[in-house]
2 protein chains.
Amino acid sequence: MNKEEQLIMGFRDLYNKMVWLNKSKMEDSLKGYKSSEVHCIEYIGKNVDSNVTKLAESFYMTSGAISKIAKKLIEKGIIESYQKPDNKKEIYFRLTEQGKVIYKIHDELHKEFQERDKAVFEQITEEQFDSMLSFVEKYSRHLDAEIKKLAVDIKPE
Amino acid sequence: MNKEEQLIMGFRDLYNKMVWLNKSKMEDSLKGYKSSEVHCIEYIGKNVDSNVTKLAESFYMTSGAISKIAKKLIEKGIIESYQKPDNKKEIYFRLTEQGKVIYKIHDELHKEFQERDKAVFEQITEEQFDSMLSFVEKYSRHLDAEIKKLAVDIKPE
DNA sequence: ATAATTTTGTTGACAAGGAAACAAAATTAT
DNA sequence: ATAATTTTGTTTCCTTGTCAACAAAATTAT
């Protein structure tokens, strides 16, 4: 196995572990809320004028799935939808007061995770940090371009 | 947003993109096989005496889910199960001839992905590479310890 | 202006995966 | 030796997410 493979598989394993662990902690603290719901709450809390489309793109999920999660969150009174006077098509979301409470709890939890993992980050230098950040960004942009290519493949102009 | 958060979110976004893109390509080339099935084929091809438990642990999935995928792969004739004379409990899997063909195709595809992303890896130095690998490993071990803690929390000795 | 296309969101049918209950074998404790 | 516990795997029921069809609004082309 070469280094590229090793790194990618290391990433995958690391990511899986993090998701699994944080999900456990999350659903333990925020009982009654699934991690996908909390993700949406987080996104809506951070981004004004969130809608189904933006959420779906951000999470690499279908809009159908987001539509259902949003519906559930509205029923629970966590988020509410609103529209703009000049656009009858797009439907935006914002947190309700109750939603802001959940958001806050989620945020605390995030800080807890950071505290938990502080020891790992303290071991790396500022240079290593920056070099990783730049790598991740480069790779991400590279994949954006590849995803774009795929879209053209599917429906050529 | 501090650098730690930025890096974690960068990871997440990168990982999501990669999964989404490679899944698309995969299910395009290996029509009739879901990416979870291909993952299992890959693991079984690489690890002798794979079983439900090991697959589940590796993918952070439940053994129930793996059991179902394995069943489907056996029905399709991609893998076969076997046991050892001194153990009537554990059930192992190996690829059939047909399974090896799928494995081979999957492997080619992997090389294709590497080729596709070569440009990104060429831009980083050997030192950057090693430093990222060591970071990923350290973080991974750190999370292993945390996961262990969680297990003790759930069922104290 | 209006016709064609694209964007946005929702729904219902279906498939994949998780949780829990279970059985059988293996291991550990007494 | 045998009783209690743990490991391994399967199945059933349920939740979540995808896919495809659809409707309505917005945008673009003619």
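First the proteins, then the strands, lettered A, B, ... as listed; each starts at 1. These numbers come from a predicted model, not from an experiment. In what follows, every heavy atom counts, from backbone to side chain, and hydrogens, waters and symmetry copies are set aside.
Atoms CD1 (A/Ile91) and P (D/dA26) sit 11 Å apart, rounded to a whole Å. Residue B/Lys89 contributes atom NZ, which lies 13 Å from atom P of D/dT10 at whole-angstrom precision. Whole-Å rounding puts the A/Lys34 NZ to C/dG17 P distance at 17 Å. If you take NZ of B/Lys88 and P of D/dT10, they are 18 Å apart, rounded to a whole angstrom.
In terms of the salt bridge (charged side-chain N to carboxylate O under 4.0 Å, His left out) criterion, A/Lys23 has no residue partners (sequence neighbours excluded). Among residues two or more places apart in sequence or in another chain, the salt bridge (charged side-chain N to carboxylate O under 4.0 Å, His left out) test is passed with B/Glu115 by B/Lys118. Scored by the salt bridge (charged side-chain N to carboxylate O under 4.0 Å, His left out) test, A/Glu42 finds A/Lys46 as partners (sequence neighbours excluded).
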### Query
Hey, mind stepping through A/Phe121 and B/Phe135 against ring-ring contact (aromatic ring centres under 6.0 Å, His included) and telling me if it holds?
CA-CA 9 Å; A/Phe121 287 99; B/Phe135 173 77; 5.7 Å; yes
### Query
Under the side chain to side chain contact (heavy atoms under 4.5 Å, CB included) criterion, do A/Ile8 and B/Met18 qualify, and how do the steps go?
CA-CA 10 Å; A/Ile8 302 268; B/Met18 208 179 308; 4.0 Å; yes
What side-chain donor-acceptor pairs closer than 3.5 Å can you find for residues 55-71 of chain B, not counting sequence neighbours?
| unit_1 | atom_1 | unit_2 | atom_2 | d |
| --- | --- | --- | --- | --- |
| B/Thr62 | OG1 | B/Ala65 | N | 3.3 |

Please list every donor-acceptor pair under 3.5 Å in which a side-chain atom of residues 82-101 of chain B meets a protein atom from a residue at least two apart or in another chain.
| unit_1 | atom_1 | unit_2 | atom_2 | d |
| --- | --- | --- | --- | --- |
| B/Tyr82 | OH | B/Asp49 | N | 3.3 |
| B/Tyr82 | OH | B/Asp49 | OD1 | 2.4 |
| B/Gln83 | NE2 | B/Lys88 | O | 3.3 |
| B/Gln83 | NE2 | B/Glu90 | O | 3.1 |
| B/Lys84 | NZ | B/Asp49 | OD2 | 2.7 |
| B/Asn87 | OD1 | B/Lys89 | N | 2.7 |
| B/Asn87 | OD1 | B/Glu90 | N | 3.0 |
| B/Glu90 | OE1 | B/Tyr92 | OH | 2.4 |
| B/Arg94 | NE | B/Glu80 | OE2 | 2.9 |
| B/Thr96 | OG1 | B/Gly77 | O | 2.6 |
| B/Thr96 | OG1 | B/Ile78 | O | 3.0 |
| B/Thr96 | OG1 | B/Gln98 | N | 3.4 |
| B/Thr96 | OG1 | B/Gly99 | N | 3.0 |
| B/Glu97 | OE2 | B/Lys100 | NZ | 3.3 |

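Nearer the 5' end of DNA chain C, as judged by each residue's closest nucleotide, is the contact made by A/Glu90, out of A/Glu27 and A/Glu90. Nearest-nucleotide assignment on DNA chain D puts the 5′-proximal partner with B/Tyr92, out of B/Tyr92 and A/Glu37.
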### Query
How is the base pairing of DNA chain D summarised as a dot-bracket string, given the Watson-Crick and G-U wobble criteria with both distances under 3.5 Å, [ ] for crossing and | for another strand?
||||||||||||||||||||||||||||||
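In terms of phosphate contacts, B/Asn87 brings a side-chain nitrogen or oxygen within less than 4.0 Å of OP1 or OP2 of C/dA26. When the side-chain nitrogen and oxygen atoms of A/Asn51 are compared with OP1 and OP2 of C/dT8, none of them lie within a distance under 4.0 Å. OP1 or OP2 of C/dG17 lies within a sub-4.0 Å distance of a side-chain N or O belonging to B/Ser36.
Taking Ile, Leu, Val, Met, Phe, Trp and Tyr as members and joining any whose side-chain heavy atoms lie under 4.5 Å apart, directly or through other members, A/Val48 forms no hydrophobic cluster with any other residue. Through chains of ILVMFWY side-chain contacts below 4.5 Å, B/Val19 is grouped with A/Tyr15, A/Val19, B/Tyr15.
Residues of residues 54-85 of chain A that place a heavy atom closer than 4.0 Å to DNA chain D, in numerical order, are A/Met61, A/Thr62, A/Ala65, A/Lys68, A/Ile69, A/Lys72.
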